[in-house]
Amino acid sequence: MVSDTTLGAKLARGDRLIGTWVKTPAPIVVEVLADTELDLVILDAEHAPFSRLELDACVFAANASGMDVLVRVPTAQPHHVLQALDTGATGVLVPHVCTAEEAVDVARSARYGPGGRGYAGSTRAAGYGTKPMEVHKADSAARTVVVVQLEDAEAVAQAGQIAATDGIDGIFIGTVDLSVSLGAPGPDDPAVLEAVDEITRAAREEGCPVGIFANSADQVNHFAEIGVTLFLMQSDHAFLRSGADALAAMR
């Protein structure tokens with residue numbers, strides 16, 4: 001039975017979840033953020049300089065503090081998904097998924113089964129050899145969260161089919177890359193907002209949770225009205241900058 005306290009259960013239930021990006025490959029940063037009221041952190045291994053060892057250490061810090069942690073993997077390649085999950089991450093955020101066929105491949109690569117995730121009992125996820133195979137497979141099935149990022153023009157029309165893919169636990173709309181793909185000047189452009197509406201509507205019709213990056217409480221409320229429930233806001237870099245600017249303003 002899946003606990004109703006898992007991140008996957010919260011997503012499926014439609015709880016409003018707030019998380020942030022971690023761009024600095026340092027476990028202390030994750031440890032500090034894990035001691036907050038955030039619901040999750042996402043390690044950005046796509047755009048930030050995470051080595052595999054640094055990724056492992058940051059996931060360890062999140063796990064030790066009881067914070068759910070997703071890894072935005074560099075690509076949808078199975079070895080990237082495997083490495084993130086072997087560290088003990090709660091799940092993965094997979095960029096640039098454009099078709100239902102790609103979503104099927106991602107879901108398969110994140111789970112044990114024929115043609116799926118490779119098994120090793122020596123990983124943190126498997127308790128460093130202390131978990132029997134069937135226990136680890138059951139724990140993984142109950143805990144692993146797979147969110148795919150829709151951020152390309154061609155993905156918009158496929159949103160419903162992607163959302164309906166078995167093993168996909170959520171869709172995250174990447175509005176910046178979507179802006180680039182649509183030839184729009186930025187995420188607030190009407191063409192991008194129309195695409196966000198279309199993706200969200202299609203996903204919600206399939207009962208699939210939707211996430212997005214939001215810049216403000218007003219944006220959170222706006223996107224919540226159309227059915228978004230997972231919000232990523234700011235990053236560790238943004239916290240440093242805003243804190244430093246606030247100090248400098250005291251001159």
Side-chain angles (χ1 to χ4, degrees), residues 1-22 30-31 33-46 55-56 58-73 80-95 97 103 106-107 109-112 117 123-127 131 135-150 162-163 165-174 200 203-204 206-214 220 223-224 227-236:
M1 180 181 296
V2 178
S3 167
D4 64 1
T5 63
T6 65
L7 181 62
K10 293 173 185 176
L11 274 171
R13 194 165 56 232
D15 292 3
R16 184 180 293 194
L17 303 173
I18 302 289
T20 195
W21 298 106
V22 175
V30 177
E31 185 180 16
L33 291 173
D35 192 28
T36 69
E37 295 301 313
L38 290 172
D39 296 296
L40 71 157
V41 295
I42 299 189
L43 309 180
D44 190 2
E46 181 189 17
L55 193 70
D56 186 87
C58 288
V59 171
F60 170 78
N63 286 353
S65 301
M67 172 67 77
D68 280 308
V69 55
L70 301 183
V71 176
R72 178 157 72 174
V73 291
H80 286 145
V81 174
L82 169 72
Q83 289 174 6
L85 295 177
D86 276 355
T87 66
T90 310
V92 289
L93 174 61
V94 182
V97 173
V106 167
S109 70
R111 293 181 170 85
Y112 295 117
R117 176 181 169 190
T123 64
R124 177 182 296 118
K131 282 187 179 183
V135 173
H136 174 46
K137 286 167 62 179
D139 287 349
S140 176
R143 179 175 187 255
T144 300
V145 169
V146 180
V147 182
V148 292
Q149 195 156 329
L150 274 60
I162 293 170
T165 301
D166 187 39
I168 297 302
D169 300 296
I171 280 175
F172 187 83
I173 305 173
T200 302
R204 299 307 295 168
E206 298 296 338
C208 183
V210 180
I212 202 166
F213 182 82
V220 169
F223 289 129
V228 177
T229 57
L230 169 63
F231 301 93
L232 292 187
M233 303 185 73
Q234 301 192 41
S235 69
D236 55 331

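Just so you know, residue 1 is the first one in the sequence shown, and it goes up from there.
- The heavy-atom pair separating Phe213 from Phe223 by the smallest distance is O-CE1, 4.3 Å.
- With hydrogens and angles ignored, the 3.5 Å screen pairs a side-chain donor or acceptor of Asp169 with a backbone N or O of Val146.
- Residues Phe172 and Leu232 have side chains in contact (heavy-atom distance under 4.5 Å, counting atoms from C-beta outward).
- Atoms CD1 and CG, from Ile42 and Leu70 in turn, are 4.5 Å apart once rounded to the nearest 0.5 Å.
- Taken from OG in Ser109 to CG in Leu82, the straight-line distance is 8.5 Å, to the nearest 0.5 Å.
- Pairing each heavy atom of Ala163 with each of Glu206, the nearest pair is CB-CB, 4.0 Å.
- Closest approach of Leu33 to Met67, counting heavy atoms only: O-CE, 3.6 Å.
- A heavy-atom distance below 4.5 Å is not found between the side chains of Val148 and Thr165.
- Under the 3.5 Å distance criterion, the side-chain polar atoms of Thr36 are matched with a main-chain donor or acceptor of Leu38.
- Using a 4.5 Å heavy-atom threshold, the side chains of Arg117 and Asp86 count as touching.
- Between Pro209 and Arg204 the shortest side-chain heavy-atom distance falls below 4.5 Å.
- Ala110 approaches Thr144 most closely through the heavy-atom pair O-CG2, 4.0 Å.
- Between the side chain of Arg13 and the backbone N or O of Asp4 there is at least one donor-acceptor pair closer than 3.5 Å.
- In terms of modelled atom types and a separation under 3.5 Å, the side chain of Thr20 and the main chain of Gln234 share a donor-acceptor contact.
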Quiz item: side-chain contact (heavy atoms from CB on, under 4.5 Å) between Thr6 and Val145: does it pass, once the steps are laid out?
Solution: CA-CA 9 Å; Thr6 65; Val145 169; over 6 Å; no
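- Side-chain atoms of Thr90 come within 3.5 Å of backbone atoms of Val69 as a donor-acceptor pair (strictly under, hydrogens ignored).
- In this structure, the separation between CD1 on Ile171 and CG on Leu93 is 11.5 Å, given to the nearest 0.5 Å.
- Residue Tyr112 places its OH atom among more than 12 non-hydrogen atoms of other residues, nucleotides or ligands, all under 6.0 Å distant.
- For the atom pair Arg72 CZ and Gln149 CD, the distance stands at 5.0 Å (nearest 0.5 Å).
- Side-chain atoms of Val30 and Leu43, non-hydrogen and from C-beta on, do get closer than 4.5 Å to each other.
- Summarising the geometry of Gly88 relative to Asn63, their closest heavy-atom pair is O-ND2, 3.3 Å, with the distance given to 0.1 Å.
- For the pair Leu55/Gln83, no side-chain contact is recorded, criterion being any heavy-atom separation below 4.5 Å from C-beta on.
- The heavy-atom pair separating Arg16 from Ala224 by the smallest distance is NH2-CB, 3.3 Å.
- At a threshold of 4.5 Å between non-hydrogen side-chain atoms, the residues Ile212 and Phe231 count as touching.
- Of the candidates Leu17, Leu11, Asp15, Leu17 is the only one forming a side-chain contact (heavy atoms from CB on, under 4.5 Å) with Asp39.
- No side-chain heavy atom of Val92 sits less than 4.5 Å from a side-chain heavy atom of Val147.
- Using a distance-only test at 3.5 Å, with no hydrogens or angles considered, no donor-acceptor pair links the side chain of Arg111 to the main chain of Ser140.
- Here the side chain of Arg143 pairs a donor or acceptor atom with the backbone of Ala89 at under 3.5 angstrom.
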